[in-house]
Protein chains: 2
Amino acid sequence: MTELTIGRAAKNAGVGVETIRFYERKGLIEQPLKPRHGGYRSYPIETVRRIRFVRQAQEIGFSLREIEELLSLRADPSADCSEVRERAAAKLEEVDQKMAQLGRIRSALDELIAACPGRGALRKCSIMESLVAATGETRVPAKADHQESAR
Amino acid sequence: MTELTIGRAAKNAGVGVETIRFYERKGLIEQPLKPRHGGYRSYPIETVRRIRFVRQAQEIGFSLREIEELLSLRADPSADCSEVRERAAAKLEEVDQKMAQLGRIRSALDELIAACPGRGALRKCSIMESLVAATGETRVPAKADHQESAR
DNA sequence: CTGCACTACGTACCTTAGTACGGAGTCAAG
DNA sequence: CTTGACTCCGTACTAAGGTACGTAGTGCAG
């Protein structure tokens with residue numbers, strides 16, 4: 001049997017026991033309400049993977065709610081796929097936006113590092129300036145509010 | 001003059017007025033303690049850009065504390081660069097890790113979408129399965145604790 | 001010169017994501 | 001068959017990141 005107690009599962013997943021119970025309450029992982037050994041929870045390694053996924057997804061800015069949405073995406077051929085496709089496509093969009101932003105910050109950091117030991121007059125000195133240089137300045141109207149239509 | 005009131009700055013940056021005050025307290029943006037017009041805060045468009053940066057960085061999983069660290073990176077040729085370089089390199093590392101994870105999720109979503117309308121037996125049905133397939137299964141010891149050395 | 005919108009400041013309150021606690025039951029090595 | 005480690009459950013507490021609120025002071029369009 002490849003089932004783990006909550007303690008072992010927590011250790012393997014790199015979280016605390018309480019966190020697992022918390023995720024269970026939140027519905028992020030199915031609680032094993034089957035009559036388990038002496039009233040103790042028992043987890044398949046699958047659940048450990050799931051918890052790891054949750055943590056990794058958090059690191060890149062997904063909330064638990066969003067992660068639940070991700071995890072609930074299932075391509076069941078017997079169900080109507082179009083809805084799942086749509087939701088998956090929407091998530092993909094989000095992911096791509098995150099990648100783009102990450103890429104901008106990455107270039108800015110690169111530039112910063114490159115500019116660092118350069119002698120002579122530096123133009124790009126901070127992340128902000130590198131970003132502006134890298135993205136071509138997002139225009140700020142600075143005026144033109146006062147009478148707004150949509151809220 | 002290209003200075004904005006807090007209300008205009010907030011609108012331009014896409015946040016609430018209270019959020020700007022909050023960021024000021026946190027030290028994320030410099031508070032204009034210069035004797036501004038009638039006791040009112042006044043912001044350069046630069047600050048609006050900064051706030052936008054904060055929001056974008058949050059979207060990809062940086063905390064306000066980390067964002068402050070990012071923003072404080074400055075390649076000043078007159079200061080000692082090595083420390084800035086080091087911190088920038090560390091951040092770059094973090095960014096790359098985020099990108100990798102984002103990439104994995106992206107592939108999993110791609111695969112999910114591709115698998116969706118396929119007739120016949122589906123093997124990869126959920127994000128988790130696509131991920132496992134994409135990453136080649138991280139081994140879980142499942143045993144070998146009970147007597148641990150390092151904490 | 002008046003009125004409404006905007007601002008200041010401080011404090012209180014909210015949500016998200018855990019963490020900690022206490023008392024009672026369970027397991028298994030010795 | 002005892003004892004120390006582990007688990008159960010419910011409730012309480014934290015920290016981060018805002019958001020709202022009340023009172024009082026500006027600013028400017030009409």
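Lettering follows sequence order; numbering is per chain, from 1.
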Sequence neighbours excluded and cut-off under 3.5 Å, please list the side-chain donor-acceptor pairs for residues 92-100 of chain A, or say none.
{"from": "D96(A)", "atom 1": "OD1", "to": "R106(B)", "atom 2": "NE", "distance (Å)": "2.6"}
{"from": "D96(A)", "atom 1": "OD1", "to": "R106(B)", "atom 2": "NH2", "distance (Å)": "3.4"}
{"from": "D96(A)", "atom 1": "OD2", "to": "R106(B)", "atom 2": "NH2", "distance (Å)": "3.1"}
{"from": "K98(A)", "atom 1": "NZ", "to": "I60(A)", "atom 2": "O", "distance (Å)": "3.3"}
{"from": "K98(A)", "atom 1": "NZ", "to": "G61(A)", "atom 2": "O", "distance (Å)": "3.4"}
{"from": "K98(A)", "atom 1": "NZ", "to": "E59(B)", "atom 2": "O", "distance (Å)": "2.5"}

Measure the distance from CD on E24(B) to C1' on dG18(D) and round it to the nearest whole Å. 15 Å
Indicate whether OP1 or OP2 belonging to dT19(D) is found under 4.0 Å from a side-chain N or O atom of T19(B). yes
Rounded to whole angstroms, how far apart are CZ on R65(A) and C1' on dG18(C)? 17 Å
Roughly what angle, to 10°, lies between the helix axis at the start of the helix from dC1(C)-dG30(D) to dG30(C)-dC1(D) and the one at its end, five pairs per end? 10°
I67(B) CD1 to dG18(D) C1', in whole Å, measures 13 Å
Under 3.5 Å: donor-acceptor pair, side chain of R52(A), backbone of N12(A): yes
Distance-only donor-acceptor test, R21(A) side-chain atoms vs dG10(D) base atoms, 3.5 Å: yes
5'-most by nearest nucleotide on DNA chain D - F62(B) or E18(B): F62(B)
Between E129(A) and S126(A), a side-chain donor and acceptor under 3.5 Å: yes
Distance in angstrom units between I20(A) CD1 and dA17(C) P, rounded: 17 Å
Test your reading of the model: is there a side-chain donor-acceptor pair from R8(A) to the backbone of E3(A), 3.5 Å cut-off? no
Can you check the I29(B) CD1 to dG18(D) P distance for me, whole Å? 12 Å
Looking only at N and O atoms, is any donor in the side chain of Y40(A) or the base of dG25(C) less than 3.5 Å from an acceptor on the other one? yes
Quick one: pull up CG in L71(A) and CZ in R50(A) and give me the separation to the nearest 0.5 Å. 4.5 Å
Do the side-chain N or O atoms of R41(A) get closer than 4.0 angstrom to the phosphate oxygens (OP1, OP2) of dC8(D)? yes
Nearest 0.5 angstrom please: I105(B) CD1 to I127(B) CD1, how far? 6.5 Å
Options dA17(C), dC9(C), dC9(D), nucleotide nearest the side-chain atoms of F22(A): dA17(C)
Measure from NZ on K11(B) to P on dC6(C) and round the result to the nearest Å. 8 Å
Okay, side chain of Q56(B), backbone of F53(B): is any donor-acceptor separation there less than 3.5 Å? no
Relative to the 5' end of DNA chain C, which residue comes earlier, I6(B) or R25(B), by the nucleotide with the nearest heavy atom? I6(B)
So which nucleotide from dT7(C), dA17(C), dG17(D) ends up closest to the side chain of Q58(B)? dG17(D)
Round to the nearest Å and state the distance from R55(A) atom CZ to dT16(C) atom C1'. 13 Å
Please state whether the phosphate of dT7(C), meaning OP1 or OP2, lies under 4.0 angstrom from any side-chain nitrogen or oxygen of R8(B). no
